[in-house]
J.: 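Provided herewith is a single structure, encoded as C-alpha cells, for subsequent inquiry.
Just so you know, residue 1 is the first one in the sequence shown, and it goes up from there.
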Amino acid sequence: MKKYALKTLALCLAATALTACGQEQASEIKTEPSVTSTSIRPEHMAPYQSRPITDDVMYFVMPDRFNNGDVSNDHGGIEGSLNDHGFDPTHKGMFHGGDLKGLTAKLDYLADMGISAVWLTPIFKNKPTQGNTVNVTAGYHGYWVTDFTQIDPHIGTNDDLKDLVKEAHKRNMKVIFDIITNHTADVIKYEECYPSGQNSLNVPLCDYRSKADYPYTTVGKGDGTAINEGFLGDDVGHQTAENFAKLTNNNFAYTPYVPETEKNVKVPAWLNDIRYYHNRGDSEWKGESSLYGDFAGLDDVFTEHPDVKKGFIDIYKFWVEEFKIDGFRIDTVKHVNDSFWQEFAPAIKKAADGVGVPEFYMFGEVYEFNPEKLSHYTTVSGLPAVLDFGFQGTANAVISESQPTAKLADFYAQDRFYKTEKYDASILPTFLGNHDMGRIGRFIMEKNEGISDEEALKRSKLAHALMFFTRGVPVIYYGDEQGFTGDGHDQDAREDMFESQVASYNDNHNIGSDVSPEVDNFNQDHPLYKTIQEFAALKRAHVALRSGVQTVLKTEDQAGIFAFSREDQTSGEKLIVVLNTAEEQRPFEASADTMCFISGSKPVSKDGELEVAPLSWAVFDAKNCK
C-alpha cells in the first residue's frame, strides 16, 4: 500500500456516524447544501464578466444533436438531394436538426443543473457534405468550415447567436466557442493524384510529401531539376512578409487547384488563395506531416504565413468584439506551429480586454495524454490552458478499469509542468469523455462485462465526483447527465438529446434510466442529473473546491482509497475528499476531533479509522468543526 504524508485528522460525524463528539458539537456539524434549482443556478455566482474560470462548471454540446428549435432550417436553405443539403435524422453522419434556437430554449435546463458555461462545437458555415460515392457524410459537427463570418444555416443565423449569448448572459452563464485555425473544408485538389475534371466525389488520399524530398526552394517535382524561386522556406527566421511574397504555386510539393464550382466558396476571400495552404498531401499523424499534412483530406492552412496569422486573428477578433463571447476552445492545436499561437493568443486576449471580457478563457485541444508533452502548448506555445487529456486517461483507468489509485498521485505530481508566470494546472478543463473518443458510460460498460446498472451508476457518479472535486474546470459532455453510453467513438458518441430516429442510438442502454434515446432526454429527475446538481452546489458552497491547493493524502497500489485535501490560501478553508474505487469497503485513518462530514456517503468510524463504502465518495471540513 502506498501512503502519502497524512497529518492527524479529526473526525466529527453526524447522526448515526457520531462516535466521539458531544451532542453540542453534533448540532454544529455542516450538512450537505440543499440542492434546488434556485440555489445552484449561475445567477447566484459572481458576474460572468469577472468570474474566474475555476468557479465554473462547463457543458460541452453539439448543437445539431441537442434540441431542434426551428424545423424550417433543417435543410439549411439548400435545395436538392441528401448529398446536397445533408439532412437525414435517421443517419448518424448527417444533420439531425438541432440548432441555436433549440439550445437557447434549453438554457434553463442547463442552469438548473448548475452549468455556468456552455461550450459549443463549431457553428460556422460548413461545406454541407463531403466524402466519396461510397461514403458521404455531413458537416453537422462544424469542423468543415467554408465561411468563418457566419453561422451555418442548418444551425441558425448570426442573430440567433446574439439571442443565445444575450439569454445566456442574462442567466449569468458564459458562452464558449469551438474554433479552428488548422484547416478548412476540403476544397483544394492536387493534379498528381486527382486530375482536374474528375468527379468531385471521387477524392483519393494523396500521400504526404516531405520538405526534405520536396523542398519549397526547388521546383521540378522530383525530376532532378533544382530551380531556386527565391522563397527561403517557412522556418521561424523566415516568417516575414518579404519572404512569403516570393512564394508561388511552383513552390509546392503538389500542383494544387480548386474546381471551378468551388473557386470562391470560402470566406473571407483570402482563404480562396491556394498559396495560403501547405499543399503537401495527407497527414500521417506523426512527425513533420502532423504539422504540414492535410487533416483527413481537409485543406491544411499555411499558418506560418504572416498573412494567415493576421487573417485568423482578424476573423476571431470579430466574434469577440461583435458578440462578446467569453472564450475559445481551439481545435487541433498540436497541428499548428508554435509561432502562430504565440501571436494569436495575446492578440485575442487584448481584443477581449478591450470589450470588457477580462476573464476571456482560451484552451487548446491537444490529443495527448502525457502532461509533459501537453504542457508544451502552455509553456512554449503560450496558450493559457489545454484540455486535460491526462486527467481523462487517468480517471478512466482508475474508475472504469479499477487500476491502482496510485496512478492519480503520479498524474497530479506532473502538474508542475504547467506552471507559468500567469497560469497553472488549476485552470485546465477536465473531462471524462467527448465527441471524438466516446463517453465515460461506454468506457465503464466495456471494461466491466456483465456490470449491473446499479454498479454502472455508482462508477459514473464516482467519476464525476473525482472530476468535480479535484483541481481543474469540470466539463460535462452533453447527454452524460442522462446516462448516455453510445456504441463507441466519433459518430457513435453523438446521440440526440431530442427524439432520436437513428436505430443504432435507439438500442443503447442509458445508465440509471429505463428511458430509450428514442424519446426526449431532458429528464431533470435522472439520478446523474441530480448528482451533477449536488456536485455543482457543493463546489459553489466551498471556495476550497474551486481554487484550493490540492495535496494528495493517500493512495493504494490497487483499487481503493484516493484521498486528498483542498485548501484555500485566502480564507483558510480546508476540505478533505475521500474516494473509494474498490468494490469492497476500505479503511482511511483519521482520529476524532475537528473533521466534519459534509457530503457523500457517510463512512463508519471504527478503531480510529473510517470504513469507506465501496464505489463511494465523502467530503469533510477539516477546519471548521467546533
J.: Taking the six-membered ring for Trp, is the centroid-to-centroid distance between Phe522 and Phe66 below 6.0 Å?
T.: yes
J.: Which value, rounded to the nearest 0.5 Å, describes the distance between Tyr505 atom OH and Asp496 atom CG?
T.: 6.5 Å
J.: Between CE of Met45 and CG of Asp55, what distance do you get to the nearest 0.5 Å?
T.: 5.0 Å
J.: Could you walk me through whether Asp621 and His542 pass the side chain to side chain donor-acceptor pair (under 3.5 Å) check?
T.: CA-CA 10 Å; Asp621 191 320; His542 297 280; 5.3 Å; no
J.: Measuring from Leu110:CG to Leu103:CG, what's the distance to the nearest 0.5 Å?
T.: 6.5 Å
J.: Are Glu481 and His526 linked by a side-chain donor-acceptor pair shorter than 3.5 Å?
T.: no
J.: Under 6.0 Å from the NZ atom of Lys106, do we count more than 12 heavy atoms belonging to anything else shown?
T.: yes
J.: So, using ring pair (Phe, Tyr, Trp, His ring centres under 6.0 Å) as the criterion, who are the partners of Phe177 when residues are at least two apart?
T.: Phe124, Trp319
J.: Which residues pass the side chain to side chain contact (heavy atoms under 4.5 Å, CB included) test with His435, not counting sequence neighbours?
T.: Phe60, Met62, Thr121, Tyr143, Arg329, Tyr477, Arg494
J.: Would you sort out whether Ser381 and Asp338 count as a side chain to side chain donor-acceptor pair (under 3.5 Å), showing the intermediate values?
T.: CA-CA 5 Å; Ser381 300; Asp338 288 337; 2.6 Å; yes
J.: Between Tyr478 and Glu495, is any side-chain donor less than 3.5 angstrom from a side-chain acceptor?
T.: no
J.: Decide whether Ser516 and Asn506 meet the rule of one side-chain donor and one side-chain acceptor closer than 3.5 Å.
T.: no
J.: Quick one: CE on Met173 to CG on Asp108, what's the gap to the nearest 0.5 Å?
T.: 8.5 Å
J.: With distance as the sole criterion, is a donor-acceptor pair present between the side chains of Ser547 and Asp568 under 3.5 Å?
T.: yes
J.: Going by ring pair (Phe, Tyr, Trp, His ring centres under 6.0 Å), name the residues that satisfy it together with Phe469, two or more places apart in sequence or in a different chain.
T.: Phe535, Trp617
J.: Tell me yes or no: between the side chains of Asp388 and Thr430, is some donor less than 3.5 Å from an acceptor?
T.: no
J.: Under the side chain to side chain donor-acceptor pair (under 3.5 Å) rule, what do Asn172 and His44 come out as? Steps first, then yes or no, please.
T.: CA-CA 8 Å; Asn172 203 22; His44 298 271; over 6 Å; no
J.: May I have the list of side-chain donor-acceptor pairs in residues 391-401 shorter than 3.5 Å, sequence neighbours left out?
T.:
{"unit_1": "Gln392", "atom_1": "NE2", "unit_2": "Leu432", "atom_2": "O", "d": "3.1"}
{"unit_1": "Thr394", "atom_1": "OG1", "unit_2": "Gly390", "atom_2": "O", "d": "2.8"}
{"unit_1": "Asn396", "atom_1": "OD1", "unit_2": "Ser400", "atom_2": "OG", "d": "2.8"}
{"unit_1": "Glu401", "atom_1": "OE1", "unit_2": "Gln403", "atom_2": "NE2", "d": "2.6"}

J.: With salt bridge (Lys or Arg N to Asp or Glu O under 4.0 Å) as the rule and sequence neighbours excluded, what pairs involving residues 505-523 come up?
T.: none
J.: Output all residues satisfying ring pair (Phe, Tyr, Trp, His ring centres under 6.0 Å) with Phe411, sequence neighbours left out; order by chain, then residue number.
T.: none
J.: Return yes when atom CD of Glu454 has more than 12 non-hydrogen atoms of other residues, nucleotides or ligands closer than 6.0 Å, and no otherwise.
T.: no
J.: Using the rule side chain to side chain donor-acceptor pair (under 3.5 Å), only one of His169, Arg171, Lys174 pairs with Tyr48; which is it?
T.: His169
J.: Report yes or no: does Thr405 contribute a side-chain atom to a donor-acceptor pair with the main-chain N or O of Glu556 at less than 3.5 Å?
T.: yes
